[in-house]
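Throughout, a chain's letter reflects where its sequence line sits, starting with A, and its residues are numbered from 1.
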Amino acid sequence: MTGPPTGPMQPLPSLPAFLLRLVLPHEYRDEILGDAREAYDNDVRERGEAFARNQLWREVLSFRPLQLRWEARGLRTRSRTAASARNKPMQSIFGDIRYALRVLTKARGYTAVAVITIALGVGANTAIFSVIDGVLLRPLPYFEPERIVRVWQEQTLTKSLLDRFEEQTRSFSGLSGTATETFSFTGDGEPEELIGGIV
Amino acid sequence: MGKGTHLGEAEHLMLLAVWRLGKNAHGVTIRDEIAERTGRRLSVSAVYVTLVRLEKKGYVSSFLADPTPVRGGKAKRFFTVKKRGVAELEQSRRRMERMWEGLGAASDTELAS
């Protein structure tokens, strides 16, 4: 252990300091930031800056600051009897979350498998929903898509027949025809057969 | 041993560290004392989580000192053990000693590996 520094201590790197300030409970924020700065300064002098930064990030990314938030909340509401009675369900939820975090931290392998399983599940569901949304749920990208209908006839529809339908129709505001056709795609390599559409 | 009053291992270590340090017990010195004596390196927030819990149980009290420019104007929170905390430590020690009674060192005992 080194003695106390004589001059001002090393300031904390700005990003971890900002994040720490964000997650710490306001009741203990200043003294913990002061302690974190003192610990960081000690670590820099004893073990070097890389080690000190690593320790600081571990402090920021651990769930301890959040846990402290819950502990401090319990301390604050204890003096307010009416508020604490109302808050009991929430305290119980926080207790459950604390317990869950503790168990998950101890069983890291199990946690990793659970997280990966959930991630794959969410990914698969998102992919399936994207297809369903695109094909079935999302309206067609036209103005008033609910007014578009598809009509067809068994015999081949020629251009002149389509023009005649368009002239005589009273039920539709417009008509257009589509047809699928097989095309040969040729170039430098082997020719390929492609299916295309004509509108 | 009422529920919620007994000491967990971290609380036990923290309470002893605060007692040992006397008037100089604050976050960093408590953390260093535990690291030096047990080899366990705790984060500052982890130290505070346990200290706040001990304060809620009525085993320690704390006060804020004046801010100092050395720490960038941030004050230190000093902790002191209360009589109730010392009594609980002694009870805890007696409980442990009763459990250890009659047991030799691990090297003298035949144990499954």
Side-chain angles (χ1 to χ4, degrees), chain A residues 1-12 17 19-21 23-25 27-43 46-47 51 54-79 95 98 101-102 105, chain B residues 3-5 8-11 14 17-18 20-21 23-80:
Chain A
M1 302 291 146
T2 54
T6 47
M9 293 173 178
Q10 297 261 0
L12 290 174
L19 293 173
L20 206 52
R21 178 178 289 277
V23 287
L24 284 170
E27 296 92 336
Y28 297 96
R29 189 175 294 147
D30 276 359
E31 49 266 47
I32 294 181
L33 282 171
D35 283 352
R37 185 170 173 174
E38 193 175 331
Y40 178 76
D41 185 75
N42 286 347
D43 285 341
E46 286 173 18
R47 317 274 291 263
F51 177 85
N54 184 289
Q55 290 297 310
L56 185 61
W57 273 110
R58 285 180 69 171
E59 174 99 38
V60 174
L61 298 175
S62 75
F63 67 91
R64 295 295 186 188
L66 289 172
Q67 193 182 359
L68 183 60
R69 208 173 247 265
W70 299 324
E71 290 288 351
R73 189 175 292 186
L75 192 69
R76 201 173 64 234
T77 53
R78 198 169 54 146
S79 58
R98 270 204 306 270
L101 287 174
R102 219 176 292 145
T105 315
Chain B
K3 193 187 172 190
T5 58
E9 195 200 355
E11 291 173 342
M14 211 70 71
V18 173
R20 295 186 73 86
L21 287 162
K23 289 180 177 172
N24 192 30
H26 69 95
V28 177
T29 52
I30 295 169
R31 187 186 83 133
D32 289 348
E33 180 76 8
I34 291 171
E36 203 176 340
R37 290 186 176 273
T38 67
R40 284 171 67 170
R41 203 180 168 86
L42 302 169
S43 67
V44 174
S45 311
V47 169
Y48 266 85
V49 167
T50 311
L51 287 172
V52 167
R53 205 177 291 154
L54 287 171
E55 199 166 6
K56 275 157 82 174
K57 287 181 176 178
Y59 295 154
V60 298
S61 59
S62 72
F63 68 94
L64 267 180
D66 291 330
T68 56
V70 181
R71 283 161 52 105
K74 303 278 190 273
K76 287 178 185 175
R77 180 175 288 277
F78 285 97
F79 291 85
T80 42

So which part of A/Gln55 gets closer than 4.5 Å to some heavy atom of chain B, the side chain, the backbone, both or neither? side chain
Side chain to side chain contact (heavy atoms under 4.5 Å, CB included) with A/Asp30: of B/Lys74, B/Arg77, B/Lys76, only one passes, and it is B/Lys74
Against chain A, label B/Ala75 side chain, backbone, both or neither, depending on which of its atoms sit under 4.5 Å from a heavy atom there. backbone
Crowding at CZ, A/Arg58 (>12 non-hydrogen neighbours, <6.0 Å): no
What distance do A/Ile32 atom CD1 and B/Tyr48 atom OH have between them, rounded to the nearest 0.5 Å? 5.5 Å
Can you check whether B/Ser45's main-chain N or O pairs, donor with acceptor, with A/Glu59's side chain at less than 3.5 Å? yes
Return the CD to CZ distance between A/Glu71 and B/Arg53, rounded to the nearest 0.5 Å. 4.5 Å
Please give me the minimum heavy-atom distance between A/Asp35 and B/Val28, naming the atom from each residue. O-CG2, 3.3 Å
Just wondering, are more than 12 heavy atoms of other shown residues or ligands nearer than 6.0 Å to CZ in B/Arg20? no
Gap between atom CG of B/Asp32 and atom CD of A/Glu38 - 0.5 Å precision: 8.0 Å
